[in-house]
There are 2 protein chains.
Amino acid sequence: MGTRMEGIKKQLHREKYKLTPQREATLQVLIENEKAHLSAEEVYLLVKDKAPDTGLATVYRTLDLLSELNILDKINFGDGVARYEIRKEGVKHFHHHLICLECGEVNEIQEDLLSDVEEKVASKYNFLVKDHRLIFHGICEKCQKIK
Amino acid sequence: MGTRMEGIKKQLHREKYKLTPQREATLQVLIENEKAHLSAEEVYLLVKDKAPDTGLATVYRTLDLLSELNILDKINFGDGVARYEIRKEGVKHFHHHLICLECGEVNEIQEDLLSDVEEKVASKYNFLVKDHRLIFHGICEKCQKIK
DNA sequence: GTTAGTGCAAACGCTTTGCATTGCC
DNA sequence: GGCAATGCAAAGCGTTTGCACTAAC
């Protein structure tokens with residue numbers, strides 16, 4: 001059984017991108033922090049532990065590349081910082097985020113809540129849906145209890 | 001019947017904010033361009049036609065103020081620019097965006113597609129939903145025909 | 001008259017870019 | 001060895017802030 005890392009390495013090779021230590025370290029960080037919604041800066045700091053000479057610009061370039069190859073999702077919670085997370089292999093790309101207005105915690109919903117809604121959009125507005133972003137703002141369970 | 005502008009003026013007065021020509025011009029621009037999803041820069045250029053001495057910083061400050069008063073929605077399509085649109089008075093705040101990947105056009109859906117989904121999120125994840133953002137990326141009707 | 005609001009320019013934070021150098025294939 | 005990829009520092013861009021001045025109330 002191939003690991004996620006192996007699969008991505010093959011993809012890079014297939015598409016004629018060089019496998020540099022910086023790219024490998026970046027990938028490792030993203031795989032190890034699958035649910036963390038890391039910013040470029042955060043990825044950079046973690047990459048420096050593995051490959052200390054890596055520059056921030058390279059991390060940005062790597063994140064761009066991996067996003068373009070659909071290995072990563074670049075997401076934006078509206079706070080002016082781009083965040084990155086690795087896509088699950090093969091899985092249809094549907095997950096949503098719950099952002100707590102009190103504590104800032106970001107949680108994920110993995111199930112696809114929108115298939116009905118997408119159908120409606122397609123038929124009613126003649127819009128061919130390729131992807132969607134759904135973010136809920138509200139109060140998480142923990143913060144509801146504190147009040 | 002009171003206009004939207006009059007209502008907002010009253011609200012500003014009630015909450016002890018001064019009604020400056022710059023604020024009035026900014027409001028006018030946003031009311032006249034209800035569906036345009038203007039960026040701060042775009043608002044600024046339009047405001048300068050009405051009140052030429054207005055500075056960009058003031059436009060930013062006004063947009064912030066009006067967003068905090070829930071007169072505007074500050075929205076983010078993930079392109080690194082904040083956009084602003086005036087809220088319909090009284091109407092529950094539910095609308096979504098369709099962004100075309102070909103031509104970049106942004107269209108709105110006014111109907112609430114998510115009430116079922118919100119209920120599910122509330123009961124299943126114990127998350128108290130206050131607001132949501134839903135953006136579809138895909139191909140608009142026009143661009144589908146071109147192909 | 002008081003104090004919130006303003007214009008300007010400088011500073012900010014995240015991201016991108018130019019360029020000379022490095023190292024993967 | 002060739003050319004993609006890198007590090008560094010500088011520039012870019014949208015946005016925010018400090019400060020002295022202005023004007024709404």
Side-chain angles (χ1 to χ4, degrees), chain A residues 8-29 37-69 71-84 104, chain B residues 8-29 37-69 71-85:
Chain A
I8 295 168
K9 281 187 186 173
K10 273 181 199 157
Q11 185 180 354
L12 288 177
H13 186 254
R14 200 186 319 130
E15 310 200 21
K16 305 271 180 289
Y17 294 104
K18 291 178 182 168
L19 184 63
T20 64
Q22 293 90 334
R23 285 179 180 169
E24 196 163 354
T26 304
L27 273 168
Q28 265 182 44
V29 164
H37 313 102
L38 299 175
S39 67
E41 186 78 30
E42 289 164 345
V43 172
Y44 169 65
L45 292 173
L46 293 167
V47 166
K48 290 217 97 173
D49 293 342
K50 296 177 195 292
D53 291 344
T54 308
L56 179 56
T58 298
V59 170
Y60 271 102
R61 285 186 280 231
T62 302
L63 293 172
D64 271 9
L65 173 66
L66 297 175
S67 299
E68 235 141 77
L69 295 175
I71 292 164
L72 302 183
D73 284 318
K74 183 177 182 176
I75 49 185
N76 195 311
F77 294 146
D79 59 352
V81 193
R83 299 179 177 279
Y84 300 84
Chain B
I8 296 169
K9 281 187 184 175
K10 273 181 200 158
Q11 185 181 354
L12 289 176
H13 187 253
R14 201 186 318 130
E15 310 199 21
K16 305 271 179 292
Y17 294 105
K18 291 177 182 170
L19 183 64
T20 64
Q22 293 89 335
R23 285 179 179 170
E24 198 164 353
T26 305
L27 273 168
Q28 266 182 44
V29 164
H37 313 102
L38 299 174
S39 67
E41 187 78 32
E42 289 164 345
V43 172
Y44 169 65
L45 292 172
L46 292 167
V47 165
K48 291 218 96 172
D49 292 342
K50 296 177 194 291
D53 291 344
T54 308
L56 178 57
T58 297
V59 170
Y60 271 103
R61 285 186 281 232
T62 302
L63 293 172
D64 272 7
L65 174 65
L66 297 175
S67 299
E68 234 140 77
L69 295 175
I71 292 164
L72 303 182
D73 284 317
K74 183 176 183 176
I75 49 184
N76 196 310
F77 294 145
D79 59 352
V81 193
R83 299 180 177 278
Y84 300 85
E85 57 181 54

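Just so it is clear, the structure is predicted and the values come from calculations on it, not from any experiment. A note on names: the letters A, B, ... follow the listed sequences, proteins ahead of strands, and every chain is numbered from 1.
When rounded to the nearest whole Å, the span between CG of A:L56 and P of D:dA10 equals 15 Å. Atom P of nucleotide D:dC8 and atom NZ of A:K48 are separated by 7 Å, given to the nearest angstrom. The NZ-P distance, from A:K9 to C:dC24, rounds to 13 Å in whole Å. In this structure, CG of B:D53 is placed 13 Å from C1' of D:dA23, rounded to the nearest angstrom. What separates CZ of B:R61 from C1' of D:dT22 is a distance of 13 Å, to the nearest Å.
For B:L19, the side-chain atoms get nearest to D:dC25 when compared with the rest of C:dT6, D:dC25, D:dT6. Which of D:dA9, C:dC8, D:dG14 sits closest to the side chain of B:A57 comes down to C:dC8.
No side-chain donor-acceptor contact under 3.5 Å links B:R23 to the backbone of B:T62.
When heavy atoms are screened at a 4.0 angstrom cut-off, A:T54 is found touching the sugar-phosphate backbone but no base atom.
B:D64 approaches B:Y84 most closely through the heavy-atom pair OD1-OH, 4.4 Å. Closest of all the heavy-atom pairs between B:D79 and B:N76 is N-OD1, 4.2 Å.
Mapping B:V59 and B:K18 onto DNA chain C by nearest heavy atom places B:K18 at the nucleotide closer to the 5' end. Checking B:T20 against B:R83, the closest nucleotide of DNA chain D that is more toward the 5' end is the one next to B:R83.
The side chain of B:R23 contributes an N or O atom lying less than 4.0 Å from OP1 or OP2 of C:dG5. Between A:Q22 and D:dG7 there is a side-chain N or O to OP1 or OP2 distance below 4.0 Å. Between B:Y60 and D:dT16 there is no side-chain N or O to OP1 or OP2 distance below 4.0 Å.
Salt bridge status for A:E24 with A:K9: present, with a side-chain N to carboxylate O gap under 4.0 Å.
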